[in-house]
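Heads up: the structure comes next, in structure tokens.
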Amino acid sequence: MPPGKVLQPVLKMKVDELFLYWLSEASTQRMLQDCLRRIKAPGRDQPTPGDGEQPGAWPTAPLAAPRPSGLEPPGTPGPGPALPLGAASSPRNAPHVRGTRRSAGTRVVQTRKEEPLPPATSQSIPTFYFPRGRPQDSVNVDAVISKIESTFARFPHERATMDDMGLVAKACGCPLYWKGPLFYGAGGERTGSVSVHKFVAMWRKILQNCHDDAAKFVHLLMSPGCNYLVQEDFVPFLQDVVNTHPGLSFLKEASEFHSRYITTVIQRIFYAVNRSWSGRITCAELRRSSFLQNVALLEEEADINQLTEFFSYEHFYVIYCKFWELDTDHDLLIDADDLARHNDHALSTKMIDRIFSGAVTRGRKVQKEGKISYADFVWFLISEEDKKTPTSIEYWFRCMDLDGDGALSMFELEYFYEEQCRRLDSMAIEALPFQDCLCQMLDLVKPRTEGKITLQDLKRCKLANVFFDTFFNIEKYLDHEQKEQISLLRDGDSGGPELSDWEKYAAEEYDILVAEETVGEPWEDGFEAELSPVEQKLSALRSPLAQRPFFEAPSPLGAVDLYEYACGDEDLEPL
């Protein structure tokens with residue numbers, strides 16, 4: 001052996017030696033013969049009398065490893081008992097004494113032969129989940145592509161610009177205002193036009209993979225690698241609406257407000273469509289909403305204010321003016337003191353603290369600076385003025401659920417009601433004791449679980465607005481107290497196409513703002529006259545509001561940060 005090399009035992013050789021020694025033992029041979037007989041005759045469970053083993057008994061495992069011949073100490077009667085590989089009898093009838101080694105042969109003996117399962121009653125289950133829409137056999141892809149190609153043949157060099165996409169959208173069978181998503185989905189923003197070959201390839205792929213309008217719309221606007229829409233994905237689509245819809249033609253003279261209107265519409269879209277509060281609109285959420293129906297109505301309705309669910313300019317005007325009244329320092333962010341002045345300090349300070357706690361807001365500004373942006377204010381104002389919608393109920397439930405356990409306890413209700421009592425006392429109004437108020441609210445909501453009120457309880461209740469106002473809005477609480485219970489129930493049961501609470505509020509506030517603007521703008525001859533709608537809107541918007549944009553005007557790619565609005569004065573472009 002070379003010097004310096006350490007002698008090490010070869011474990012495998014020793015194991016092989018012991019295995020051959022064990023295999024040559026007579027008891028091992030008898031056990032293997034018995035196993036072979038059991039394999040050939042499965043019905044035979046007991047060994048034959050000539051096997052030399054006790055029926056139903058397992059071979060005994062040795063206390064020490066056997067030694068090869070010639071190594072036994074003198075006086076020992078031959079080799080020790082063998083290491084068993086398996087049972088000599090049925091394992092169901094014998095005690096489980098585990099040996100130190102097993103082989104594949106034993107596992108074959110102990111494993112029961114599995115019988116084939118009976119065939120299923122139905123060999124094929126029809127597909128019931130269609131995340132991209134149910135496929136339709138009636139769609140003739142080749143006919144659609146042929147119609148698109150004939151439309152492109154009318155354009156110079158068979159390339160369509162943004163102005164030509166209206167005809168292409170109709171050839172695809174889409175509403176007119178899908179032209180923006182179709183243009184950007186085909187990569188038209190990079191070159192300013194779309195070739196027929198690139199568009200056909202894109203649309204053929206969509207027809208093969210997306211089988212309803214929701215899936216197609218998401219596919220056109222979503223970022224690569226995503227299957228959902230975020231807020232920035234809507235900017236190119238809405239910018240095209242602002243540029244081309246006849247009801248917004250007056251905004252061409254006030255381009256600095258394009259991004260502000262777009263921000264408002266985006267927040268209203270997510271408020272109504274994104275029911276999961278995830279910040280991501282999926283195909284399923286878009287499919288369940290009425291957004292695509294409203295997009296189709298953009299083509300039919302020349303008056304944008306008739307589309308009150310998402311696109312109304314008057315609603316944007318009201319929201320923005322309310323925000324501007326609170327934003328006294330005009331940094332486009334409002335803090336708790338600013339928000340407390342809303343509606344003449346109607347909200348309790350405890351509720352304002354909850355709003356700024358991050359329970360219903362997104363973004364870094366709330367946590368870092370204790371302020372909320374215009375986007376957050378849109379959610380607040382709509383929720384404050386209409387507490388009957390599912391989103392607004394969720395909004396205020398999140399604020400009142402202090403511990404986040406998914407239920408409002410009696411402690412949480414008392415926590416908010418204490419401030420209401422103090423405010424009523426300061427107004428020389430006798431407050432109802434909490435126990436009596438609690439009985440009224442429980443009778444109003446009728447919770448299914450005693451001692452707590454869940455979100456589903458409030459959604460079932462038709463008077464959720466009365467419940468919320470009782471605990472944190474002093475002005476509306478007093479209004480409800482003056483109304484009779486019958487009138488409240490009548491208001492809650494009213495069905496049909498009546499205006500929602502938000503639509504009523506927006507219409508009233510818009511009339512007030514227009515009246516105030518008319519009074520404040522006298523004519524040169526000393527007589528006051530009503531301004532035209534365009535002059536009313538532009539005169540109000542071209543005030544000091546225009547000196548601080550919310551964010552940079554959207555580029556064709558829609559690179560807009562919907563939360564980071566603040567910028568330095570040195571970055572502003574001259575008007």
Side-chain angles (χ1 to χ4, degrees), residues 133 165-166 169-170 172-185 210 212-222 228-249 251 258 260-276 280-319 375 378-379 381-383 385-386 388-392 496-507 510 558 562:
M165 290 306 296
K170 288 302 181 181
C172 295
C174 300
L176 175 63
Y177 283 92
W178 282 46
K179 54 191 176 72
L182 289 171
F183 183 76
Y184 292 107
C210 305
D212 65 356
D213 289 345
K216 294 174 185 177
F217 193 84
V218 170
H219 186 90
L220 288 171
L221 289 183
M222 69 183 185
Y228 52 82
L229 298 178
V230 296
Q231 295 189 10
E232 289 78 6
D233 295 333
F234 285 89
V235 174
F237 158 69
L238 293 174
Q239 184 64 59
D240 177 61
V241 173
V242 172
N243 293 339
T244 59
H245 195 278
L248 297 172
S249 58
L251 276 182
H258 289 187
R260 308 177 188 184
Y261 171 80
I262 289 173
T263 301
T264 307
V265 176
I266 288 176
Q267 298 310 315
R268 298 194 66 184
I269 291 172
F270 275 78
Y271 186 90
V273 178
N274 186 212
R275 302 294 304 114
S276 62
R280 301 173 176 181
I281 292 179
T282 62
C283 290
E285 288 179 327
L286 195 64
R287 198 174 289 123
R288 288 192 295 265
S289 71
S290 61
F291 174 71
L292 292 180
Q293 290 86 336
N294 277 265
V295 173
L297 289 175
L298 285 171
E299 178 183 359
E300 304 173 6
E301 185 58 66
D303 185 3
I304 197 74
N305 294 315
Q306 297 300 319
L307 305 178
T308 57
E309 193 168 357
F310 302 105
F311 301 103
S312 171
Y313 178 84
E314 292 181 355
H315 289 193
F316 153 70
Y317 186 78
V318 169
I319 296 172
V378 174
W379 283 63
L381 186 62
I382 297 177
S383 300
E385 300 304 332
D386 190 354
K388 298 178 182 178
T389 64
T391 304
S392 64
E498 293 188 5
L499 295 178
S500 65
D501 288 351
W502 164 251
E503 291 172 338
K504 295 176 184 176
Y505 169 82
Y510 182 77
L562 297 173

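If you read the sequence from its start, that first residue is 1, and numbering goes on from there.
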Q | Interatomic distance, Leu238 atom CG to His258 atom NE2 [nearest 0.5 angstrom] | A | 12.5 Å
Q.
Nearest 0.5 angstrom please: Ile382 CD1 to Thr264 OG1, how far?
A. 8.5 Å
Q: With sequence neighbours excluded, tell me which residues meet side chain to side chain donor-acceptor pair (under 3.5 Å) with Ser249.
A: none
(Q) Applying side chain to side chain donor-acceptor pair (under 3.5 Å), can you list everything that pairs with Arg287, at least two apart in sequence or on another chain? (A) Asp212
Q.
I'd like to know if the side chain of Arg268 reaches the main chain of Val378, judged simply by a donor and an acceptor atom lying under 3.5 Å from each other, with no hydrogens or angles considered.
A. no
Q.
Quick one: does any side-chain atom of Ser500 pair with a main-chain N or O of Glu503 as donor and acceptor, under 3.5 Å?
A. yes
(Q) Quick one, Ile304 and Tyr261 - any side-chain contact, counting heavy atoms below 4.5 Å? (A) yes
Q.
Determine whether Leu182 and Leu220 satisfy the following criterion, side chain to side chain contact (heavy atoms under 4.5 Å, CB included), listing intermediate values before the conclusion.
A. CA-CA 6 Å; Leu182 289 171; Leu220 288 171; 3.7 Å; yes
Q. When rounded to the nearest 0.5 angstrom, what is the spacing between OG in Ser312 and CG in Asn305?
A. 4.5 Å
Q: Identify, with sequence neighbours excluded, every residue that meets side chain to side chain contact (heavy atoms under 4.5 Å, CB included) alongside Leu176.
A: Lys170, Lys179, Glu299
Q.
Please find the pair of heavy atoms, one from Leu229 and one from Phe270, that lie closest to each other, and give the distance.
A. O-CZ, 3.8 Å
Q: Could you tell me whether the side chain of Val318 reaches within less than 4.5 Å of the side chain of His315, counting heavy atoms only?
A: no
Q | For Ala272, all residues meeting side chain to side chain contact (heavy atoms under 4.5 Å, CB included), sequence neighbours excluded | A | Phe310
(Q) Does any part of the side chain of Asp233, heavy atoms only, come nearer than 4.5 Å to the side chain of Tyr228, both counted from C-beta? (A) no
Q: Of all the heavy-atom pairs spanning Pro175 and Ala169, show the shortest one and how long it is.
A: O-CB, 3.7 Å
Q | Rounded distance [0.5 Å steps], SG in Cys174 versus NZ in Lys216 | A | 6.0 Å
Q: Not counting sequence neighbours, which residues clear side chain to side chain donor-acceptor pair (under 3.5 Å) with Gln306? List them please.
A: Asp303
Q) Taking C-beta and beyond as the side chain, do Ile281 and Phe234 meet within less than 4.5 Å on heavy atoms? A) yes
(Q) His245: which residues meet the ring pair (Phe, Tyr, Trp, His ring centres under 6.0 Å) condition with it, sequence neighbours left out? (A) Tyr177
Q | Closest non-hydrogen atom pair, Ala215 against Cys283 | A | CA-SG, 3.7 Å
**Q.** Partner set under salt bridge (charged side-chain N to carboxylate O under 4.0 Å, His left out) for Asp386, not counting sequence neighbours
**A.** none
**Q.** For Phe183, all residues meeting side chain to side chain contact (heavy atoms under 4.5 Å, CB included), sequence neighbours excluded
**A.** Met162, Met165, Val194
Q) If you take all heavy atoms of Glu309 and Asn294, which pair is closest and at what distance? A) OE1-ND2, 3.2 Å
Q: Measure the spacing between CD1 of Ile266 and CD of Glu232 and express it to the nearest 0.5 Å.
A: 7.5 Å
Q: Would you please name every residue forming a side chain to side chain donor-acceptor pair (under 3.5 Å) with Asn243, sequence neighbours left out?
A: Gln239
**Q.** side chain to side chain contact (heavy atoms under 4.5 Å, CB included) partners of Glu385, counting only residues at least two apart
**A.** His342, Leu381, Lys476, Trp502, Tyr505
**Q.** Interatomic distance, Asn274 atom CG to Leu286 atom CG [nearest 0.5 angstrom]
**A.** 11.0 Å
Q. Sequence neighbours excluded, which residues qualify as salt bridge (charged side-chain N to carboxylate O under 4.0 Å, His left out) partners of Arg280?
A. none
Q. Partners of Phe217 by ring pair (Phe, Tyr, Trp, His ring centres under 6.0 Å), sequence neighbours excluded?
A. Trp178, Phe237, Phe291
